Amino acid sequence: MESCLICSTEISPFIDFGKMPLGNGFLLPEQYEQEYFFSMRVGFCPVCGMVQLLEQPDRERMFHDNYAFFSGTSRYMAVHFREFAEGVMERYLAEPDPFVVEMGSNDGIMLQNFAAAGMRHLGVEPSGNVAQVAREKGINTVTEFFGADLARRIVAENGQADAFLAANVMCHIPYLHTIVEGIDLLLKPSGVVIFEDPYLGDVVEKTSYDQIYDEHTFLFCTASVSYLFARYGFEVIDVEPQVTHGGSMRYVLCRKGMRPVSPAVPRQLEKERAMGLHLPETYDRFRKKCEESRDRLISLLRELKAQGKRVVGYGATSKSTTITNYCGITPDLVEFVSDTTPIKQGKFSPGAHIPVRPYEEFVSSYPDYALLFAWNHAREIMEKEEAFRASGGKWIVYVPEVGVLE
Ligand code: DWN
Ligand code: SAH
């Protein structure tokens with residue numbers, strides 16, 4: 001038996017995806033023999049409500065100087081983070097000369113807005129290559145993993161912070177207790193914590209099981225986030241659903257009693273109970289839906305192959321590593337995956353070893369079908385790819401259902 005990373009209750013898996021490689025482990029054929037795999041099983045803790053991986057690769061394997069994900073690859077995400085930053089500045093930074101710290105700041109997509117406003121800021125980003133892009137944009141960034149030790153050093157050099165921000169990183173961290181300890185040390189008494197991550201409720205409702213991979217240790221909901229932070233004297237004062245990454249939740253927290261709690265918080269907790277997020281049966285149903293989705297997708301791809309159709313993947317996302325490996329998608333079913341990120345191009349996808357090719361190859365010879373691995377960016381991509389559709393090209397999607405967009 002394994003125990004919950006948050007409250008130590010013994011838990012067992014409700015789904016076993018089998019051996020999985022790293023979501024961002026794009027590689028060359030000479031590296032296939034040494035390719036790393038871990039056993040990807042997911043459990044639900046009935047006490048604190050946390051959905052979590054039961055085993056996770058070491059953090060240095062995932063986040064390093066050749067990290068493959070650059071936040072700036074989506075135009076709409078840049079708009080999203082500008083609005084996020086503006087909201088923080090308007091609502092939560094009333095004191096003079098505020099100081100903002102962001103964990104997992106990547107290439108500076110969010111902090112660039114604070115830097116442009118001339119505000120004191122610091123990014124904490126252990127992946128050296130993406131951190132360097134941020135520094136080149138003039139954004140103060142330390143190449144380290146956040147934790148209690150670093151928090152002490154930041155306070156010694158800069159004083160305490162007014163806001164601690166994080167997007168799509170809190171859920172990446174199995175050692176969350178040291179993160180919350182660090183936040184507690186770092187923040188002023190009136191300080192706020194604002195973070196967002198893919199929302200458990202959306203994953204369950206949309207069967208978007210590709211949100212589960214090595215980097216995503218947790219799928220959060222309001223109840224589990226409240227439980228964790230309450231241990232350190234913090235409370236959730238607001239929740240705001242986001243459309244990004246296929247359905248995310250932004251949580252706003254501060255020390256208990258320091259600010260009013262929005263009615264949105266009890267409302268969301270009530271919704272979560274109505275969805276059954278606190279019940280083990282919900283996750284048994286989820287597993288069955290994952291299996292059905294997997295079977296439908298692989299059948300569709302085999303059928304198209306039998307008809308002699310060309311299928312190309314769109315967006316070499318980390319999420320798609322779960323799809324290709326769990327469904328058994330091989331390069332004979334999907335010819336290549338088109339991606340705009342230079343560090344991924346010319347390499348092969350983790351585990352499934354499908355070639356990753358520059359976007360220009362997609363445009364120069366449209367396939368019959370494009371399998372939308374970057375489905376969370378559908379709006380941005382559909383706008384950009386009108387010519388593909390006009391040429392008779394069709395999109396294959398699998399969230400919330402497997403199907404072809406006619
Ligand atoms: O949580 C995480 C999120 C924020 O980013 C990380 N663990 C890792 C990463 O996850 P992902 O790889 O699933 O993220 P995206 O944003 O869905 O990746 C999109 C991929 O598609 C990138 O490689 C860029 C590419 N892309 C493209 O080729 N053409 C994206 C767009 C919008 C496009 O038009
Ligand atoms: N915030 C960005 C990047 C998300 S990807 C966005 O939403 O687009 C997750 C990022 O978190 C990676 O850049 C990774 O290097 C970083 N990360 C992982 N563990 C971390 C930790 N302990 N402290 C700070 N950053 C971390």
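Whatever order the structure lists them in is the order used to number ligands and atoms, beginning at 1. Note that the coordinates shown come from a computational prediction; the quantities given were computed from them, not determined experimentally.
- Counting heavy atoms under 4.0 Å from ligand 1, residue Val169 does not touch it at all.
- Looking at atom 13 (O) of ligand 1, its nearest protein heavy atom turns out to be Lys319 NZ, 2.7 Å.
- Here is the list of ligand 1 atoms found below 4.0 Å of a heavy atom in Glu215: 6 (C), 7 (N), 8 (C).
- Which parts of ligand 1 touch Lys384 is read off a 4.0 Å heavy-atom cut-off, strictly below it: atoms 29 (N), 33 (C), 34 (O).
- Using modelled atom types and a 3.5 Å distance limit, the side chains of Gln56 and Thr217 yield a donor-acceptor pair.
- Considering each of Tyr213, Phe69, Tyr67, the one bringing a non-hydrogen atom nearest atom 2 (C) of ligand 1 is Tyr213.
- Only the side chain of Thr341 comes within contact range of ligand 1, with a heavy atom under 4.0 Å; no backbone atom does.
- For the pair Arg41/Glu2, a side-chain contact is recorded, criterion being any heavy-atom separation below 4.5 Å from C-beta on.
- Not close to ligand 1: Arg75, with no non-hydrogen atom less than 4.0 angstrom away.
- Contacts with ligand 2 closer than 4.0 Å are made by side-chain heavy atoms of Tyr175 only, the backbone lying farther away.
- For Tyr209 and Arg294, the side-chain atoms include no donor-acceptor pair closer than 3.5 Å.
- Applying the 6.0 Å contact sphere to NZ of Lys289 captures no more than 12 heavy atoms from other residues, nucleotides or ligands.
- A donor and an acceptor atom, one from each side chain of Ser74 and Glu380, are located under 3.5 Å apart.
- Residue Asn168 touches ligand 2 through backbone and side chain together, judged by heavy-atom distances below 4.0 Å.
- Ligand 1 places these atoms under 4.0 Å from at least one heavy atom of His245: 4 (C), 16 (O).
- The aromatic rings of Tyr251 and Phe195 lie tilted to each other, with the angle between the two planes from 30° to 60°.
- Contacts with ligand 2 closer than 4.0 Å are made by side-chain heavy atoms of Phe63 only, the backbone lying farther away.
- Proximity of the aromatic rings of Phe220 and Phe218 is defined here by a centroid distance below 6.0 angstrom, and this criterion is met.
- Within the 4.0 Å heavy-atom criterion, neither part of Met77 lies near ligand 1.
- The proximity of Ile109 to ligand 2, defined as any non-hydrogen pair under 4.0 Å, does not occur for either the backbone or the side chain.
- Here Thr340 has heavy atoms under 4.0 Å from ligand 1 in both its backbone and its side chain.
- Of the candidates Met77, His64, Met103, the one placing a heavy atom closest to atom 24 (C) of ligand 2 is Met103.
- One side chain, Glu136 or Gln132, offers a donor N or O that lies under 3.5 Å from an acceptor on the other.
- Aromatic ring centroids of Phe286 and Phe44 lie 6.0 Å or more apart.
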